[in-house]
Every structure is written in structure tokens, then in C-alpha cells.
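Predicted, not measured: the structure shown is a model, and the values here were computed from it. When reading the values below, keep in mind they use all heavy atoms of this one structure, side chains included, and skip hydrogens, waters and symmetry mates.
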Amino acid sequence: MLPTHQLHQLHFWDILNLMTSDLPECGVARFLALLEGPWATLIVRELLRGPLRFGELREALPGISPHTLTSRLRQFAAHGLVIRTAYAEVPPRVEYELTPLGRELRTVLDAMSTWALAVPTERS
């Protein structure tokens, strides 16, 4: 559950989803439920560089649809991995950034990268 001071940054549907969604009890299954699909870890990878706007994320992830990116960001926000900050400016500006919990995924992604780079490119 998100700290109270962060709940005001979520939309009604995000809060409703947060209160009604069930995550698996198993840690590995929970991880896979939160970061399922090919785009989830890539979105986190990009946000590890710092706060980004929606368009910047789309540019960094060629091939991702706006619907998929929006859906993933909402899910991450609902589970406390991402903070969405809307600035009262003209034109409107919205930034997404990882929460401290989301930033903890750096070690996971680093370990995945290290493991993957150790796999031989050709089978013998």
C-alpha cells in the first residue's frame, strides 16, 4: 500500500485497483505479476535514469504502444513502484519516476543483465 501522502497523486481508478487487486503470495509469482510482459522491465530500466515524461519513455522504447505504456505506468503507480506527477503548466507536463521501492529493482535488473550476458551466444 502507498503512503498516504502519495495517494493524492493517483487517479480514482488507480486507487480502486490498488485496493482490490490481489497479488500472489509467492515472491517469484508476485514479481512476475508486477513485471509481466516484455515491456515492464524495459520501462523500469528507462526510469532508473531518472524522471521521464510520457513522450520520452515512448522514444526510449521503440515499438511500445501508447496503450501499453499507459497501462503499465498505471499498474506500477497502483502498486507503489512509480509516482506520476502532473504539473499545472501550459502545456501540461506529467513526469513519471520510480519510488524508492521501484528503485530497488536496479539490483534485480543488474543481476538479470549479468546473467544474460554470461549465456553463450551460440550453442556448442
When rounded to the nearest 0.5 angstrom, what is the spacing between CG in Leu81 and CD in Gln75? 8.5 Å

Kindly say whether Leu48 contributes a backbone atom to a donor-acceptor pair with the side chain of Arg106 at under 3.5 angstrom? yes

Check whether any side-chain heavy atom of Leu47 sits under 4.5 Å from a side-chain heavy atom of Tyr96, and report yes or no. yes

State, with a plain yes or no, whether a side-chain heavy atom of Thr85 is found less than 4.5 Å away from one of Val94. no

Side-chain touch Arg58/Leu69, heavy atoms, less than 4.5 angstrom: yes

Is Thr99 reaching over with its side chain to a backbone N or O of Gly80, donor-acceptor style, under 3.5 angstrom? yes

Hey, could you give me each pair passing salt bridge (charged side-chain N to carboxylate O under 4.0 Å, His left out) that has a residue in residues 90-99? Not counting sequence neighbours. Glu89-Arg93, Arg93-Glu95

Strictly distance-based, threshold 3.5 Å: is any side-chain N or O of Thr68 a donor or acceptor partner for the main-chain N or O of Ile64? no

Would you be so kind as to tabulate the donor-acceptor pairs closer than 3.5 Å made by side chains of residues 33-44, with sequence neighbours excluded?
none

Rounded to the nearest 0.5 Å, how far does CG of Leu98 lie from CD of Glu46? 11.0 Å

Under a 4.5 Å cut-off applied to non-hydrogen side-chain atoms, are Arg74 and Ser71 in contact? no

Are the side chains of Phe31 and Cys26 in touch, meaning some heavy atoms are under 4.5 Å apart? no

Closest non-hydrogen atom pair, Pro92 against Arg53: O-NH2, 3.6 Å

Spacing of CZ belonging to Arg84 relative to OG1 belonging to Thr70, to within rounding of 0.5 Å: 9.0 Å

Starting from Tyr87, can I reach Ile83 by hopping between I/L/V/M/F/W/Y residues whose side chains sit under 4.5 Å apart? no

Determine all donor-acceptor pairs shorter than 3.5 Å in which one atom belongs to a side chain in residues 109-116; sequence neighbours excluded.
from	atom 1	to	atom 2	distance (Å)
Thr114	OG1	Asp110	O	3.0

